[in-house]
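All heavy atoms count here, side chains included; hydrogens, waters and symmetry mates do not.
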Amino acid sequence: MNELIRLLSYMICLAAFLGLNLAYLGWVERKGAGHIQRRTGPKDVGPYGLLQPLADGLKLMSKQLIVPANADRPLYMCAPILTMVPAVLLFVAIPFGEHLVPREFSFGLLMMFAFASVGGMSILIGGWGSGNKYSLIAGARAVSQNVAYEIPMLITAITIVMITGSMDLNEIVRQQGGYIWNWNVFRLDKSILMPVSFLVFFICSLAETNRTPFDMGECEGELVAGYHTEYGGMGFGLFMMAEYANLVIGCSLTTVLFLGGWQSPIGIFPGPHWFLLKMYFLIWSFVWIRWTYPRTTFWGLLNLSWKYLIPFSLVNLLLTALFIKVF
Amino acid sequence: MSSLAQSQLRETFELNIGPQHPATHGVLRIKVVMDGEYIDRAEPILGYIHRMHEKMGENRTWNQFWPNMGRLDYLSAMAYNHCYAGLMERAAGIEVPERAEYIRVITAELNRIQSHLLGFGAYIMDLGGFTPLMYAMDEREQILDLLESVTGSRLTYCYFRFGGVYNDIDDDFITGTRAFLKRFRPQIPMYHKLVTGNAILMDRLIGVGPISADMCRKYGATGPVLRGSGVNYDIRRNEPYSVYPELDFDIPVYKECDSMARYMVRMDEMVQSCRIIENALNKLPEGPVMAEKVPKALKPPKGDYHYAVEAARGTFSMRTVSDGTNTSYRMRLRSPTYSNVSLFEEASRGMLLSDALAFLGSLDPVIPEMDR
Amino acid sequence: MDRAKIKRELENLAAEGLPAEPPQEETPVEVQTEAEGEDKAKPKAKKDEDVPRKNGLIETEYAKRGTHLDVQINPDQVVKAAEILDAEGMTLEMVTGVDWLKEGQLEVIYDYSYPGGQLFRVVVRARLDRNNPDIPTVCHLYGGANWHERETWEMLGINFVGHPQLEHFLLPEDADFYPLRKDFKP
Amino acid sequence: MSGYFKDIITGLKSLAVGLQITNKEFLTKPITLLYPHESVKMYPRYRGHIELIKDPETGMNRCICCGMCEKGCPSGSITVKSEKRPGVKGKVLTAYILNFTTCSLCGQCVENCKPEAIRFSNEYNLASTRREDYIFNLLEKLHPEGIPEPEVDPELLKKELEKEEAAKKAAAAKKEAAAKQEAVKKEPAKEGGESKAEEKS
């Protein structure tokens, strides 16, 4: 009974946290973009435009859902929901604080990767189901991109598993306690390439979340709006929210694996606030990157993965194995 | 070309890029036969914004044709005004006061910077970077304000007249222009740092869309496209008009023939335009801005006349056949984008879709000018 | 680019196409200069000007016309002319048509310029019969002529024989009129 | 191989430079002009739609109804309606209609206007969903409180009346004369006709 209440309260809290994040990350992005571009961003709806997400949501919800004539109706309808489900589900495994975990899995990392690949699948379904050539190209691109970037991401994650000897996310964080040099990014004693592997993981999470410069799935310069060209109203809204949910997940995972999760950099007052601080800093860097760089080409993207990221992560894996064996 | 394209078992599909597409800047439509991500054949389809300016020229008096000149290339309307003024002055033998010519050059060059700024911003936006567009727009607004203070309009200028300009520039404009130049000059290195030097952008532009000098010649491509292919051809130098021979500037030429070269030509041209403006402001003579004795109803003698100027996108030339009346018998407008885009079909064969759009952006098409 | 060579070859070409009577090169030049030098208020030599020009080459004054050479040749010689100019590195800037309703003729104008430093502009023109406006295409020499010829066909109904794609371009697909012809009434 | 690592390093460096620039811009103040809350500075030469100029002396427009603006307009957007009034010198403008939907603001009308009766206005924030709202009667715009009647010059009126009178008289006299003449003419014509008929017969 106790467990049930705990789970229920977690569910409610997570839903609230998620909802707030999804709504206000959009606001953060627009405001950030505005200020980076010498503009002000949303301003008129509420103070500092803070009610803008509400207005946007209302607008999206009041729109008619249109199914294109030559769309595959069931696929078209279920794709936005399918993107949202894994994104929400993944929050179950994330340790926000030492005791603030909805559910502690001993294989949390594995579950993360398993569900994350469903996201790419749903993009393909959405692109295919729309019956639009642009969407189809976008869907095909998104899948090959996800596949290409999951490899270095997984290999890098394996090095962490090798260092910590655990797949439990909370356990991984626990091992990074103490001071800042105990974070996995700076664990040069385990592998001298650790900062590089952090960079690899960071780039991969950029690519996995379909963010600029890797937004091949929706590059508007070429494919109009990519896989969600045909979606309007809440269909589009769900895709957009899923993007932000994936953003939160990606940044949380990076925080957990490399930046010590809820651990404090100075050794005192560890707790969820550190986690959120780190996560939001990463999210901000995602936004910052998005409004700074142009998009790569599809070929450039695959080149980066196969020529740079995968060799680096493999070398890193070998080095780590060597270090662990020798020392 | 992809190995797929060469194999027997290829499956192609048609993709319709445009007329409403974020990368076509207006209403250009390109019918593409795609082979996966590769372009098998691309055919630009024009005419979505065709307004038949040439026929309008036959129905309006010479004076009444003025507003049309601002509506061809709405981004560098001054150069088009300049061409028409030059054409009719050549035909009717009108001497233009020197001050007027200097004012024409200053405004036309300001307009050229403005056009290149938007071209640069929009091009980077095509490539996915949204921020440079906003910075470029910021600078562009300054120019538009300056030009508005003189001409009264922001985009579709109708400022030149046969024998001079509509009204004189004032001291506010001169100080404003100087202040703008001072403010604008350091921006270009910033653009280079933010955009040109960016590894992602270099990856996208270098070696993309090669056009040889000979291909440019065959297709009549001009402007930054030609100069990006290593040909030093600029009407301002090679067929000097107005007071350009008296001014001090260089013609940027790049030999790489790729999209990056064309992009760099535009960036360097902005610097050169700054030089021209500064130079012209220093040399600006006093005097009237309108020639005396310009007849209200112009009737150039019979025959046909030709005049060419360097617009922001290349050679804009006009050929008019006059039959001695107050309207033209035939007015032909040769727009640079028309020729520049005509080589897209040949050059884009076997290109990746994303490269092809990067290539199209490097041609910097302005659709209303192309369709006329 | 060799100006003298271009001039000589084009002159020969124009002379080739002339009918058997001896070519009078001097007269058109005079007419032209006379017309230029005249005060526009009183067009005196009106009688002479209304007659269509004879084939042949005229050296025009750049400051007044914007061109250096003005050649009128027979329609079947335009490809030859394009070959001559192409060999010298000239570029085809535009192709235009003019409808001379009174004379019952259509005129095709080719504007050539030189993109290699020197200033040199050549106009090649050919007069066609209005009822039978056929002229060979120069597409195979100049790729850029493709669109220009297509437009000229569309606007004036000049049929470029051998053009790969004479389809509607700027006008709607079902347009069955030639808007730039002088007898076109919308 | 060294090129491989060099590429990575220069690439990362260029990316970092880009981030630096955008960060700097993020921290500087935005330049947006918040349009509906703040208004744009208008230049005196701004070309809005044309308007009639009020003569400070008479409080009337200066239009002499020559129709040059109407003729010069490339798009035929201007219609000038005028009439002759007794006792007023020249024609009187009754309506100056500008069809702003077709106007291209080229300024031919302003240039053609000899008495400088029209100029560009500074009005820029016109908005409407109806086409008819852009067909302005500039005379009404000049006098929103109602179009004043032109002043009648009594002397001119007198003169005109006299003239009219004289003209009437002259006309009457002419008529009479004409009638007389016709009567005179008719008879010989009749005669002629008859004679002709006679000849024919």
Side-chain angles (χ1 to χ4, degrees), chain A residues 29-30 32-41 70 131-145 203 206-207 210-226 229 287-305 307-308, chain B residues 2 12-18 20-25 30 32-34 36-39 121-139 141 187 193-208 263 351-358 360-361:
Chain A
E29 180 135 62
R30 291 172 65 178
H35 280 270
I36 281 175
Q37 295 167 355
R38 303 181 187 167
R39 300 186 282 122
T40 52
N70 52 352
N132 178 319
K133 283 166 189 166
Y134 290 119
S135 304
L136 181 62
I137 296 176
R141 278 182 179 188
V143 167
S144 48
Q145 176 187 345
I203 293 170
L206 261 179
N210 271 325
R211 301 276 302 181
T212 319
F214 305 109
D215 56 343
M216 288 297 103
E218 51 167 291
C219 48
E220 90 256 355
E222 295 149 33
L223 303 177
V224 189
T229 306
V287 171
W288 188 9
I289 283 171
R290 173 164 180 187
W291 299 109
T292 305
Y293 299 143
R295 184 186 307 115
T296 60
T297 54
F298 186 61
W299 251 220
L301 175 116
L302 291 186
N303 268 345
L304 179 70
S305 170
K307 277 192 190 159
Y308 298 94
Chain B
S2 68
T12 56
F13 64 95
E14 271 188 17
L15 191 67
N16 193 22
I17 302 178
Q20 298 291 333
H21 188 277
T24 53
H25 302 287
I30 305 172
V32 192
V33 178
M34 298 277 293
E37 287 260 344
Y38 287 94
I39 286 177
Y123 185 33
I124 304 305
M125 196 178 73
D126 278 357
L127 303 175
F130 192 69
T131 304
L133 174 72
M134 284 297 166
Y135 297 166
M137 279 289 187
D138 181 13
E139 306 304 328
E141 283 300 305
Q187 294 289 323
K193 265 194 211 161
L194 175 65
V195 179
T196 319
N198 191 305
I200 299 171
L201 192 96
M202 290 214 269
D203 184 45
R204 289 213 60 177
L205 293 191
I206 291 176
V208 167
Y263 163 82
M351 242 183 219
L352 272 171
L353 177 65
S354 47
D355 283 352
L357 290 171
L360 181 68

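Contacts of B:Asn198 with chain A are made by side-chain atoms alone, with heavy-atom separations under 4.5 Å and no backbone atom involved.
Residues passing the salt bridge (Lys or Arg N to Asp or Glu O under 4.0 Å) test with B:Glu37 are A:Arg141, sequence neighbours excluded.
Residue A:Thr297 holds its OG1 atom at 12.0 Å from CG of B:Leu357, rounded to the nearest 0.5 Å. Here A:Thr296 contributes atom OG1 and B:Leu201 contributes atom CG; the two are 11.5 Å apart, rounded to the nearest 0.5 Å. Of the inter-residue distances, the one linking B:Asp355 atom CG with A:Phe298 atom CZ reads 13.0 Å to the nearest 0.5 angstrom. Summarising the geometry, atom OH belonging to A:Tyr134 is positioned 5.0 Å from atom CD1 belonging to B:Ile17; distances are rounded to the nearest 0.5 Å.
Counting only residues at least two apart or on different chains, the salt bridge (charged side-chain N to carboxylate O under 4.0 Å, His left out) pairs with a member in residues 293-303 of chain A are A:Asp215-A:Arg295, A:Glu220-A:Arg295.
Most heavy-atom pairs under 4.5 Å with chain A, from the set B:Asp138, B:Ile124, B:Leu133: that is B:Asp138.
More than 12 heavy atoms of other shown residues, nucleotides or ligands fall within 6.0 angstrom of atom NZ in A:Lys133.
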Taking it one step at a time, do B:Tyr135 and A:Ile36 satisfy side chain to side chain contact (heavy atoms under 4.5 Å, CB included)? CA-CA 10 Å; B:Tyr135 297 166; A:Ile36 281 175; 3.9 Å; yes
Verify side chain to side chain contact (heavy atoms under 4.5 Å, CB included) between B:Asp203 and A:Asn303, making sure each step is shown before the conclusion. CA-CA 11 Å; B:Asp203 184 45; A:Asn303 268 345; 5.9 Å; no
